[in-house]
Amino acid sequence: MKNKEILLLSETGKTFLVKDPKKDFHCQFGKIDAKDLKKKGIIFSNTGHQFTVLEAFFIDKYDRMKRAPQIITKKDLGLIIAETGIGKSSVILDAGVGSGASTFMFANICKKVIGYEIRKDFLEVAEKNLNFLGLKNVTLKNKDIYQGIEEKNLDLINLDLSEPWLAIKAIKDSKDVLKIGSFIVCYTPTVPQVMDFISEIKQHKEFNILKTVELIAREWEVQDRKVRPKTSQLNHTGFLVFVRKIA
Ligand code: SAH
């Protein structure tokens, strides 16, 4: 059986993921013996640097996934989860998958996630990430969502692709894809994309547009009396359009 990964927290606050705790671990702060990785609490490297040994959580691995195209950030995923209320009984379709940031964040809390990705090279990266995270409730498909949807009775379709309005036809043409009361979320970086998506949705009476949100998260520096927003940080990521299927 695979040993559980370990997280080492250095004195400087830097963290290291130890994928194989049966082997000695090497990093910029020296070598840590495999026998010390079995301990709990404080350990030291051969150069005298101190580490705290922690069990690696989902998020420690998630943050270390390989990246291919632009991902949906955690702040935006948090809002999608909170606004749609998805959880342990939800079945979700995520398109496109890219390297899987949204797919796997949803999978961590949902019953099942199906991911559609048109590019085989991105799908390979996502499959490696899936294997690394060890999630068992994800099905990745090399599929173009604009050509149709195989799944039925979904609780949410999350759209993160350049022409999300084209997916609406596929949703309508493929029977019973979404439950009544379920959601479509469209994540898109530019205003014209939001406009085109909303004007498409408005043509279909079975969908109700709830809201369009841009979420700006400001991180702060907190050091003694130097308490202020960080000078350099992520600003705009994308707009989120929330839609509900009402009929
Ligand atoms: N949501 C992902 C990022 C997706 S990036 C994350 O959070 O990590 C957008 C992806 O959509 C790209 O990988 C692109 O190849 C894929 N894509 C574009 N058009 C598509 C389509 N019609 N069907 C499925 N995937 C598509």
Side-chain angles (χ1 to χ4, degrees), residues 62 65 67-119 122-123 125-126 129-130 133 135 137-172 174 177-190 193-194 196-198 200-201 204 207-215 237-245:
Y62 181 88
M65 287 193 307
R67 285 196 191 180
Q70 191 63 44
I71 64 163
I72 304 185
T73 59
K74 287 190 280 193
K75 71 167 169 81
D76 291 312
L77 291 172
L79 193 67
I80 297 173
I81 291 167
E83 288 289 349
T84 61
I86 50 171
K88 54 186 181 301
S89 63
S90 313
V91 181
I92 287 168
L93 175 63
D94 193 27
V97 171
S99 43
S102 51
T103 310
F104 305 144
M105 184 61 88
F106 295 144
N108 189 45
I109 61 157
C110 289
K111 184 175 171 195
K112 183 162 178 57
V113 184
I114 301 103
Y116 283 10
E117 172 55 55
I118 204 166
R119 280 186 51 171
F122 289 163
L123 209 57
V125 177
N129 284 334
L130 177 60
L133 292 175
L135 294 163
N137 56 344
V138 179
T139 306
L140 299 178
K141 298 186 176 178
N142 185 206
K143 265 186 75 73
D144 178 348
I145 191 172
Y146 306 151
Q147 301 305 316
I149 298 166
E150 292 165 347
E151 286 68 26
K152 298 210 182 305
N153 280 317
L154 294 165
D155 296 285
L156 163 69
I157 297 183
N158 183 58
L159 299 171
D160 175 13
L161 16 84
S162 48
E163 298 162 305
W165 50 91
L166 296 181
I168 302 306
K169 188 176 181 309
I171 293 170
K172 283 199 61 164
S174 321
V177 170
L178 281 166
K179 281 182 192 164
I180 306 286
S182 65
F183 294 85
I184 302 173
V185 175
C186 168
Y187 171 86
T188 193
T190 74
Q193 286 168 307
V194 172
D196 288 353
F197 180 72
I198 287 189
E200 176 64 39
I201 289 288
H204 309 283
F207 297 122
N208 183 26
I209 300 164
L210 301 175
K211 57 176 151 185
T212 301
V213 184
E214 180 194 15
L215 189 65
T237 54
F239 301 102
L240 288 165
V241 185
F242 292 90
V243 173
R244 197 144 195 199
K245 184 175 157 68

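On a predicted model such as this, the values are computed, not experimentally measured, just so you know.
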How far does [atom1] of [X] sit from [atom2] of [Y], to the nearest 0.5 angstrom?
X: I81; Y: K74; atom1: CD1; atom2: NZ; value: 11.5 Å
X: I118; Y: D144; atom1: CD1; atom2: CG; value: 3.5 Å
X: E214; Y: T237; atom1: CD; atom2: OG1; value: 7.0 Å
X: L215; Y: T73; atom1: CG; atom2: OG1; value: 7.5 Å
X: I71; Y: Y62; atom1: CD1; atom2: OH; value: 5.5 Å
X: S182; Y: L93; atom1: OG; atom2: CG; value: 11.0 Å

(message) Is it the case that the side chains of D94 and T103 hold a donor-acceptor pair, with the cut-off being a distance below 3.5 Å and no angle test?
(response)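 Yes, D94 and T103 have a side-chain donor paired with an acceptor closer than 3.5 Å.
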For [X] and [Y], which heavy atoms make the closest approach, and how far apart are they?
X: N137; Y: A107; result: ND2-O, 2.9 Å
X: L77; Y: A101; result: CD1-O, 4.0 Å
X: F122; Y: A68; result: CD2-CB, 3.5 Å
X: I80; Y: L156; result: CG2-CD2, 4.2 Å
X: F242; Y: E83; result: CE2-CB, 3.5 Å
X: P164; Y: L161; result: CD-O, 3.2 Å

Counterpart residues, salt bridge (charged side-chain N to carboxylate O under 4.0 Å, His left out), relative to [X] (two or more places apart):
X: K75; value: none
X: K112; value: none
X: K179; value: D155

Is there a donor-acceptor contact under 3.5 Å from the side chain of [X] to the main chain of [Y]?
X: Q193; Y: S162; value: yes
X: N142; Y: E117; value: yes
X: N129; Y: M65; value: no
X: N208; Y: R244; value: no

For the residue pair [X] and [Y], establish whether any side-chain heavy-atom pair is separated by less than 4.5 Å.
X: F197; Y: T212; value: no
X: I201; Y: I198; value: no
X: V91; Y: N153; value: no
X: T188; Y: L159; value: no
X: V177; Y: K152; value: no
X: I92; Y: T84; value: no
X: I157; Y: I149; value: yes
X: F183; Y: L210; value: yes

(request) With sequence neighbours excluded, tell me which residues meet ring pair (Phe, Tyr, Trp, His ring centres under 6.0 Å) with F239. (result)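 So F239 forms a ring pair (Phe, Tyr, Trp, His ring centres under 6.0 Å) with H236.
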(message) If the condition is ring pair (Phe, Tyr, Trp, His ring centres under 6.0 Å), which residues does Y187 pass it with, not counting sequence neighbours?
(response)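 Here no residue qualifies.
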(message) Go through it in stages, so that I can follow the logic: the residues are E200 and F207, the test is side chain to side chain contact (heavy atoms under 4.5 Å, CB included), and I'd like the CA-CA distance, side-chain angles, deciding distance and then a yes or no.
(response) CA-CA 10 Å; E200 176 64 39; F207 297 122; over 6 Å; no
(request) Mind jotting down which residue pairs meet the salt bridge (charged side-chain N to carboxylate O under 4.0 Å, His left out) criterion with at least one end in residues 161-170? Sequence neighbours excluded, please. (result)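 Applying salt bridge (charged side-chain N to carboxylate O under 4.0 Å, His left out) to every pair that reaches into residues 161-170, excluding sequence neighbours, yields K169-D173.
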(request) Check step by step if side chain to side chain contact (heavy atoms under 4.5 Å, CB included) holds for V113 and L135. (result) CA-CA 10 Å; V113 184; L135 294 163; over 6 Å; no
(message) Consider side-chain hydrogen bond (donor to acceptor under 3.5 Å, both in side chains). Of E151, Q147, K141, which one does Y116 pass it with?
(response)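 Single pass found, and it is E151.
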